[in-house]
Amino acid sequence: MKKILYLLLFSIVLSSCSEYQKALKSTDPAVKYDAGMQQYDMGNYTNAIRLFEEIAPAYRGKPQAEKMFFLLSQAYFKSKQYYLAGFQFESFVSGYPKSEKVEEAYYLGAKSFAMLSPSYSLDQTDTFKAIGKLQDFIDRYPNSQYVTDANVTLKVLTDKIEQKVYENAKLYYTIEDYKAAIVALDGFLADYPGTRYKDDAMFYKLDSSFQLAINSVNSKQEERLLTAKTAFNNFIKYNSDSKHKKRAEEIAAIIDLELQKFSNIN
């Protein structure tokens, strides 16, 4: 029985390949159209794309064009050609604004750009573009069946941007440019007050303030130690159970000792 099924499947695939080759050689757009639909239904998206692309100019403006251009967009998306998919879905939305598929096309166009978003450590131009397009979709279709998924994707992308900004700020701390670290971490905490990195960011700001103070010239040291003391107080007030608590308290003790020297001098 299995052999019969394998033979039947093989014959179907062979027949499909034969019909596809014939359609490629045909000069009749209708033959290519029907073959393209068949290849799409079979999941042979690369074959469907090739056939649809060949007849696109001939079918533009015809009744069958709407379905064909939507499936062409889908074929790009399903074959992971996301740049082409995004462009084609946007072209479909523009060309067929009254189509019953326009909402889905609008969403999949935005989703295509989201699929292009790289790792947080790389340039995030495509991520920002995807965020804008997803937000546009949500604003345009707030009751869409795709809104839940769009919001999930949007959160993934915004979290990625947040991580990028945080890691960039933390980098100044890592390379011991403490003055720049304080500015960058301050900016990050202001822009992302509810960030999941808040505990770490506040500690690195505290340690940066401390390191800057103890490595300062005498004329600036007291003022910077007081600033570091404030950073410690804010840090403990935010999270008294922080994983950085022990080190933070050690820093605070050193700050107090150093400030005592200035009190004695005064």
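Just so you know, residue 1 is the first one in the sequence shown, and it goes up from there.
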Do [X] and [Y] belong together in a cluster built from hydrophobic side chains that touch within less than 4.5 Å?
X    : Y    : value
V183 : L185 : no
V156 : M115 : no
F52  : V31  : no
L171 : L206 : no

Can you see whether [X] engages [Y] through a side-chain donor-acceptor pair at a distance of less than 3.5 angstrom?
X    : Y    : value
D126 : S117 : no
N44  : Y20  : no
D28  : S26  : no

When you look at [atom1] of [X], are more than 12 heavy atoms from neighbouring residues, nucleotides or ligands closer to it than 6.0 Å?
X    : atom1 : value
Y172 : OH    : no
E223 : CD    : no
K229 : NZ    : yes
K198 : NZ    : yes

Candidate pair S79 and I49, rule side-chain contact (heavy atoms from CB on, under 4.5 Å), full reasoning: CA-CA 9 Å; S79 60; I49 288 168; 3.6 Å; yes
How many angstroms lie between [atom1] in [X] and [atom2] in [Y], if you round to the nearest 0.5 Å?
X    : Y    : atom1 : atom2 : value
T195 : E162 : OG1   : CD    : 3.5 Å
S144 : I138 : OG    : CD1   : 9.5 Å
Q124 : Q163 : CD    : CD    : 9.5 Å
L189 : Y197 : CG    : OH    : 13.0 Å
H244 : I251 : NE2   : CD1   : 10.0 Å
Y204 : D199 : OH    : CG    : 9.5 Å

With a 3.5 Å distance limit and no angle check, can you tell me whether [X] reaches the backbone of [Y] through a side-chain donor-acceptor pair?
X    : Y    : answer
K164 : L122 : yes
Q221 : A213 : yes
N151 : V147 : yes
S94  : E90  : no
N215 : Q211 : yes
S91  : F87  : no

Run the salt-bridge test on [X] and [Y] with the 4.0 Å N-O cut-off and return the result as yes or no.
X    : Y    : answer
R140 : E103 : no
K261 : E222 : no
K205 : D186 : yes
R247 : E250 : yes
K170 : D200 : no

Evaluation steps, side-chain contact (heavy atoms from CB on, under 4.5 Å), between L72 and Y76: CA-CA 6 Å; L72 175 59; Y76 283 135; 3.7 Å; yes
Salt bridge (charged side-chain N to carboxylate O under 4.0 Å, His left out) assessment of K101 paired with E66: CA-CA 9 Å; K101 294 289 188 180; E66 180 181 328; over 6 Å; no
Stepwise side-chain contact (heavy atoms from CB on, under 4.5 Å) check, I254 with E258: CA-CA 6 Å; I254 297 171; E258 293 297 319; 4.2 Å; yes
Are [Y] and [X] an aromatic pair, judged by ring center distance below 6.0 Å?
X    : Y   : result
Y106 : F89 : no
F113 : Y82 : no
F92  : F69 : no

Qualifying residue for side-chain contact (heavy atoms from CB on, under 4.5 Å) with K160, from T127, V165, I131: T127
Step-by-step side-chain hydrogen bond (donor to acceptor under 3.5 Å, both in side chains) determination, S240 to K245: CA-CA 7 Å; S240 60; K245 182 179 180 180; 5.7 Å; no
Pair S121-E167, side-chain contact (heavy atoms from CB on, under 4.5 Å): steps then yes or no: CA-CA 8 Å; S121 60; E167 293 293 346; over 6 Å; no
Option among Y120, F188, Y192 that satisfies the ring pair (Phe, Tyr, Trp, His ring centres under 6.0 Å) test with Y166: F188
Plane angle bin for F137 and Y146 - parallel if under 30°, tilted between 30 and 60°, otherwise perpendicular: tilted
